[in-house]
Amino acid sequence: MIGSDEVTVEVSGLVKEFPAPGGGTLRAVDGVSFEVHRGEVFGFLGPNGAGKTTTLEIIEGLQEPTSGTASVLGLDSVHDRERMKARIGVQLQAGAYFRYLTLEEILDLFGSFYPKALPPAELLEKVGLLDKRRALVGELSGGQAQRFSIVAAMVNDPEVVFLDEPTTGLDPQARRNLWDLVEFINRQEGKTVVMTTHYMEEAQVLCDRVAIIDHGRIQALDTPLGLVRRLPSAYRIVFQASGGVDEAALARLPGVRRVTPVQLNGFNWELAVRRAAETLPAFVEWSESNGVKVEDVQVIPATLEDVFLTLTGHTLRE
Amino acid sequence: MRKLFVASMKMLYRDRQSLFWALAFPVIFVVVFGLFDFNQAPNVRIDVVGADRAPIGPALVQGLDRVDSFDVHRTASEGIARKDLAEGDVDVVLAVPAQTPAAGPAGIEVLYNRSNFTSNQFALTTIRQVVDGMNLRAAGVSRPALVVEAKAVQAKTVDYYDFILPGLVAMGVMNISIVGMGVAVARYREQRILKRILATPLRPIRFLAAQVLARLVLSVVQSALILGVGVFAFGGHVYGNVLWLFVLVVLGNLVFLNLGFAVAGRASTPDAAQGLGQAVALPMMFFSGVFFPVETLPKVVETLVRYLPLTPLLDAMRTVAVDGKSITATGAQLLQVGIWVLVSFWLATRLFRFSETR
Ligand SMILES: Nc1ncnc2c1ncn2[C@@H]1O[C@H](COP(=O)(O)OP(=O)(O)O)[C@@H](O)[C@H]1O
Ligand SMILES: [Mg+2]
């Protein structure tokens with residue numbers, strides 16, 4: 001679902017300092033400001049230690065900021081936190097549930113903490129865990145446990161759901177299942193989702209807008225496409241050509257940033273370009289008019305990984 | 001709140017391993033101590049030299065024989081008897097003098113092995129009683145009223161099992177609370193369950209209160225089990241009102257639960273909480289009089305351990321269970337435990353935390 005204009009989460013000038021292990025202070029969050037609109041899936045993309053969890057927990061009212069403000073649905077995360085908690089759903093990073101209660105009992109118990117709550121069976125049905133209602137959390141697979149922790153964040157039918165690294169540690173199949181679930185929550189149930197991840201693919205697939213965060217600062221914030229388009233070269237054209245190729249002529253084609261000879265899955269040339277549509281017609285004409293036999297061509301769009309690398313000078317995994 | 005309490009009870013009940021140890025551990029002690037018969041006097045082997053020397057010899061042997069736990073032999077010479085004693089074959093040698101002096105009392109020589117401390121005490125006292133009886137009879141007194149009364153008093157004070165039962169109750173409760181609660185809460189924190197609860201509108205104190213309530217119920221069950229096995233299976237006694245005992249258990253448990261929360265707050269992992277909890281509970285178990293009266297400790301140590309919470313609690317429990325008095329007789333101890341409730345609560349609120357760091 002694409003977000004409306006209505007602001008659901010508002011964060012302004014957020015700073016969180018911790019005492020650093022070796023003395024001094026560590027700025028885990030360093031002046032973060034953004035807005036999330038109703039109905040959006042908003043994502044934080046950044047490596048471990050970037051400040052994602054801290055930012056989320058401040059918004060959820062679980063930590064207090066050193067300075068700056070956060071509010072959800074117009075309720076301040078510090079001063080109105082009790083009222084706010086009734087209207088949000090929270091999934092903690094690597095958070096567990098009581099290991100000696102069944103799924104049904106846990107949902108029933110957590111439901112009793114709220115003024116109004118959905119019936120456990122209905123919730124479990126939604127995530128395909130109804131047949132596991134009498135199972136203990138320890139008896140679930142990794143993917144099932146994550147689905148359960150998401151549905152446990154929805155017992156109060158919240159308007160905004162916060163998911164902290166919901167797919168970390170899952171295998172690709174389980175991850176895809178979870179993406180479907182997040183889309184379901186957002187599209188069918190109309191909930192605003194604020195999530196974090198360090199998988200660029202996840203941000204690209206799921207999020208309407210992505211904030212790239214590193215060292216406690218937002219480095220860029222836009223739609224995934226918008227972020228990629230900001231790159232000097234948003235696409236790579238790779239091709240296989242036999243015979244001699246005039247590099248200088250290629251470099252003169254419109255939109256081409258860089259020409260590199262490569263050895264890549266049977267391709268031997270790579271063009272870094274601003275827009276594929278801008279360069280491709282000229283490229284075809286170039287090959288015909290110069291008699292270069294182009295065997296195969298592929299257009300590869302840049303990813304958020306490339307965006308991250310360009311912005312921070314290091315990769316997401318470092 | 002009702003749901004929360006029921007859920008807390010379910011969790012305690014389903015954690016079979018912890019539950020087993022909470023209940024079985026003190027009961028094992030109850031059974032082991034129950035297997036020893038602390039009332040039975042030690043069997044004492046006695047050699048009597050000159051058993052046929054009239055008039056004392058035969059009367060003495062007859063008197064000694066009447067004591068159940070005396071195993072009396074007649075020995076021909078003092079030399080053999082001394083050898084038996086030296087080799088540990090007998091515990092006591094009695095030598096009847098060959099001649100009765102014309103005037104003054106006749107001396108009976110008693111030799112005993114200095115290392116048999118407990119049996120000596122018993123043997124010498126009893127021998128003295130037998131001899132006293134002979135003296136009284138010789139003086140024409142046939143009904144010594146004193147002996148009967150002395151026995152009545154002994155029946156109650158000597159029974160070590162009755163002494164240790166309240167100790168085991170307190171030990172069990174202390175363990176499930178300081179160690180058990182500490183580990184459980186540290187685990188809830190490590191798994192971020194506490195934080196997850198903070199993210200709901202529930203006042204976190206209610207969650208903790210439900211946990212405390214469930215543990216109080218568990219401690220009453222545990223105490224009932226310990227006392228039940230001790231009294232019905234092994235013939236222990238609770239002389240006072242059992243209900244007062246439970247009141248004391250619950251009161252003391254408040255201190256231990258607070259200490260459990262303090263332990264959980266101080267420890268960074270459940271394992272650390274286990275270690276720290278033991279470090280708090282074990283010294284109390286040994287020094288506060290679970291197994292031995294604190295009076296048997298060196299004076300300085302005794303003075304110190306009287307400030308621990310378990311000492312006045314045990315004092316009060318024994319005043320009820322062993323001395324058979326009402327809880328009103330334990331005012332001073334109740335005051336001390338009450339102060340500990342406040343101190344430990346203060347400690348718990350200082351040290352306890354919901355997340356990994358403050
Ligand atoms: N409670 C804390 N005390 C001290 N340092 C912390 C604390 N929480 C987080 N940090 C530090 O703050 C930084 C950001 O952490 P976090 O928000 O968890 O990052 P992320 O979720 O993006 O991995 C890290 O360097 C982390 O070590
Ligand atoms: Mg994190």
Side-chain angles (χ1 to χ4, degrees), chain A residues 16 18-19 21 26 28 53-54 56-57 59-64 72 75 77 80-102 104-117 120 136-138 145 149 152-153 155-156 158 161-162 164, chain B residues 1-22 176 180-181 183-211 213-215 217-218 264 268-270 352-358:
Chain A
K16 178 70 177 180
F18 291 113
L26 175 118
T53 298
T54 307
L56 230 54
E57 290 190 353
I59 301 170
E60 295 157 355
L62 297 177
Q63 297 189 33
E64 292 198 1
V72 183
L75 300 169
S77 295
D80 310 316
R81 85 175 111 193
E82 297 314 320
R83 271 195 296 156
M84 179 197 75
K85 282 175 182 175
R87 293 173 65 186
I88 64 172
V90 172
Q91 185 215 30
L92 297 174
Q93 180 175 4
Y97 285 89
F98 300 109
R99 58 174 169 163
Y100 294 110
L101 294 182
T102 65
E104 200 170 26
E105 286 168 342
I106 293 172
L107 295 180
D108 188 41
L109 180 64
F110 272 82
S112 75
F113 301 163
Y114 292 92
K116 67 175 168 63
L136 304 179
V137 180
S149 85
V155 281
N156 56 328
V161 184
F162 294 89
D164 197 356
Chain B
M1 190 64 200
R2 191 187 53 80
K3 257 186 192 163
L4 202 47
F5 171 70
V6 172
S8 303
M9 286 305 296
K10 275 185 192 161
M11 285 187 261
L12 275 182
Y13 177 67
R14 289 180 192 166
D15 184 358
R16 288 303 156 82
Q17 211 172 338
S18 305
L19 186 69
F20 175 79
W21 284 113
I176 58 167
M181 183 91 255
V183 171
V185 174
R187 183 170 296 134
Y188 287 151
R189 190 184 55 229
E190 186 182 64
Q191 298 179 333
R192 300 179 209 204
I193 289 175
L194 290 181
K195 195 177 242 183
R196 181 66 185 84
I197 283 170
L198 272 188
T200 73
L202 180 79
R203 303 230 324 273
I205 191 77
R206 288 177 164 242
F207 172 71
L208 301 181
Q211 293 279 314
L213 222 56
R215 295 251 161 194
V217 171
L218 177 65
S268 48
T269 63
F352 186 69
R353 59 215 156 91
F354 278 93
S355 51
E356 292 78 7
T357 45
R358 293 181 161 274

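Quick note on labels: first sequence line is chain A, next is B, and so on, each numbered from 1.
In this structure, chain B has no heavy atom under 4.5 Å from any part of A/Glu60. Contacts between A/Thr102 and chain B at a heavy-atom distance below 4.5 Å involve backbone atoms as well as side-chain atoms. There is no contact between B/Tyr13 and chain A, counting heavy-atom distances below 4.5 Å. Both the backbone and the side chain of A/Leu101 come within contact range of chain B, judged by heavy atoms closer than 4.5 Å. Within the 4.5 angstrom heavy-atom criterion, no atom of A/Asn156 approaches chain B. With a threshold of 4.5 angstrom between heavy atoms, A/Arg99 approaches chain B through side-chain atoms but not through N, CA, C or O.
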**Q.** CA sep, side-chain torsions, deciding dist, call: A/Val161, A/Gln91, side-chain contact (heavy atoms from CB on, under 4.5 Å)
**A.** CA-CA 8 Å; A/Val161 184; A/Gln91 185 215 30; 6.0 Å; no

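Distance alone, capped at 3.5 Å, places no donor-acceptor pair between the B/Arg192 side chain and the B/Arg189 backbone. Using a distance-only test at 3.5 Å, with no hydrogens or angles considered, a donor-acceptor pair links the side chain of A/Lys16 to the main chain of A/Glu64.
Heavy-atom contacts from other residues, nucleotides or ligands closer than 6.0 Å to CZ of B/Arg2 number 12 or fewer.
Between A/Tyr97 and A/Phe110, the ring planes are perpendicular. Angles over 60° get that label, and only those under 30° would be called parallel.
Chain B forms more heavy-atom pairs under 4.5 Å with one residue of A/Ile88, A/Ile106, A/Leu109 than with any other, namely A/Leu109. Highest contact tally toward chain A, considering only B/Gln191, B/Lys3, B/Arg14, is held by B/Arg14 [criterion: heavy-atom pairs under 4.5 Å].
Between B/Arg187 and B/Glu190 there is no salt bridge, since no side-chain nitrogen of the basic residue lies less than 4.0 Å from a carboxylate oxygen of the acidic one.
For A/Ala86 against A/Pro115, the heavy-atom pair with the smallest separation is CB-CD, 4.3 Å. The shortest non-hydrogen separation linking B/Ala186 to B/Pro270 is CB-CA, 3.9 Å. Taking every heavy atom of both residues into account, B/Arg353 and B/Leu194 meet most closely at O-CD1, 4.3 Å. Across all their heavy atoms, B/Leu12 and B/Ala214 have their closest contact at CD1-O, 3.5 Å.
The interface of residues 196-203 of chain B with chain A, defined by heavy-atom distances below 4.5 Å, comprises B/Arg196, B/Ile197, B/Leu198, B/Ala199, B/Thr200, B/Pro201, B/Leu202.
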